[in-house]
There are 2 protein chains.
Amino acid sequence: MSDALHLNNQLCFKLYTASRLVVRGYQPMLKELRITYPQYLVLMVLWQAHEEASLPLSLKALGDKLHLDSGTLTPLLKRMQQLELISRVRSEIDERQLKIDLTAGGLELKPKAESWRAKLREPLLCHEQQLRELASQLDDFIALLGE
Amino acid sequence: MSDALHLNNQLCFKLYTASRLVVRGYQPMLKELRITYPQYLVLMVLWQAHEEASLPLSLKALGDKLHLDSGTLTPLLKRMQQLELISRVRSEIDERQLKIDLTAGGLELKPKAESWRAKLREPLLCHEQQLRELASQLDDFIALLGE
DNA sequence: ATCAATTATATTGTGCACAATTTATTTTGG
DNA sequence: CCAAAATAAATTGTGCACAATATAATTGAT
């Protein structure tokens with residue numbers, strides 16, 4: 001049969017599709033918050049760092065968590081600064097580093113995101129166990145590919 | 001604790017990360033074949049259609065399989081035409097439709113991709129069952145989100 | 001037969017991803 | 001101390017994704 005290259009047999013395509021579908025699901029929230037999905041990911045890192053009192057974060061530290069480099073983050077963070085969600089300041093200790101911090105505006109979005117997240121999860125509640133399994137398998141897979 | 005928005009607890013972020021990691025894994029093949037990952041997906045659809053003797057495909061039919069619209073596909077297919085991997089011809093029956101067909105050049109890449117795929121899977125062979133599970137769970141998840 | 005609705009593709013504009021290179025700063029080994 | 005290596009960001013350039021809109025061909029209901 002030789003369907004090795006059959007699209008629907010390819011894990012890569014399933015991941016690509018699932019990832020885009022999820023982002024699509026976030027659109028109502030993102031539209032209301034007036035941010036993009038990658039910007040939402042950045043905010044999640046910063047909200048979390050805020051909880052842990054480890055703000056500000058360098059661009060590098062942020063990029064390590066998201067697996068993104070300065071080529072992606074530099075323009076993205078400039079846009080977020082324009083939106084007054086974050087601040088971008090050179091470290092005085094090490095002039096190479098750019099310190100990223102949350103502004104009041106960026107912090108304000110957190111409770112809104114939390115309530116949206118609850119709302120978006122609602123239709124999936126009855127599949128909680130299935131989602132937990134998927135998440136766990138993805139963790140293994142990501143570890144397998146070398147993280 | 002309130003770690004609902006913790007990055008590592010978010011399925012969406014795992015999918016986003018896993019998807020990008022896989023594409024990264026394909027880079028050696030893509031570099032040799034001188035194509036991008038989305039172009040590889042298009043070729044997979046066309047190779048499969050070729051097997052089923054259902055070429056040419058309209059842009060619409062291609063987009064339905066990949067869940068991509070003309071905004072993405074039109075420029076992508078134009079580039080693939082430049083690379084002489086595909087042909088783009090208006091349907092004579094319905095002038096709205098653009099028929100996409102494989103060229104000899106596009107067909108030539110298939111055996112190369114097949115052998116690359118075998119090589120790329122090699123290090124994962126011992127996790128065959130785990131990958132099959134993940135694929136199956138992704139199918140369920142994609143169906144859950146409405147496909 | 002005609003025109004309104006539908007369908008297929010193209011276009012425009014924004015924002016990632018990422019490879020490759022550049023610039024500036026800091027660290028380190030001799 | 002100093003030059004070479006390492007590190008952190010920025011820049012440049014290409015190619016998706018996708019929303020929104022435009023254009024043109026076809027269909028369908030009257």
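Naming convention: chains lettered A, B, ... in sequence-line order (proteins, then strands); numbering from 1 in each chain.
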Task: Within 45° cone and under 6.0 Å: A/R24 NZ/CZ vs A/Y26 ring - done: no
- [ ] Would you indicate whether B/Q27, at its atom CD, is surrounded by more than 12 heavy atoms from other residues, nucleotides or ligands within a distance under 6.0 Å?
- [x] yes
Task: Of the listed nucleotides D/dT11, C/dA20, C/dC16, the one nearest the side chain of A/K78 - done: D/dT11
Task: Nearest to side-chain heavy atoms of B/E95, which nucleotide of C/dT11, D/dC18, D/dA25 - done: D/dA25
- [ ] With DNA chain C as reference, determine whether A/E92 or A/G71 sits nearer its 5' end, using the nearest nucleotide of each.
- [x] A/G71
TODO: Nearest-nucleotide wise, let me know which of A/I93 and A/S70 is further upstream toward the 5' end of DNA chain C.
DONE: A/S70
- [ ] State whether the distance check finds a donor on one side and an acceptor on the other, under 3.5 Å, for side chain B/R96 versus base C/dT9.
- [x] no
Open item on the list: Looking at B/K112 and B/E108, is there a salt bridge between them, counting it only when a charged N and a carboxylate O are closer than 4.0 Å?
Closed with: no
Nearest-Å distance for atom pair [atom1]/[atom2], residues [X] and [N]:
X     : N      : atom1 : atom2 : value
B/L68 : C/dA10 : CG    : P     : 14 Å
B/D69 : D/dC18 : CG    : P     : 7 Å
A/L41 : C/dG15 : CG    : P     : 16 Å

Task: Donor-acceptor contact present, side-chain A/S70 to main-chain A/L73, <3.5 Å - done: no
TODO: For B/T72, report the nucleic acid contact type (base, sugar-phosphate, nothing); a contact means any heavy atom under 4.0 Å.
DONE: base
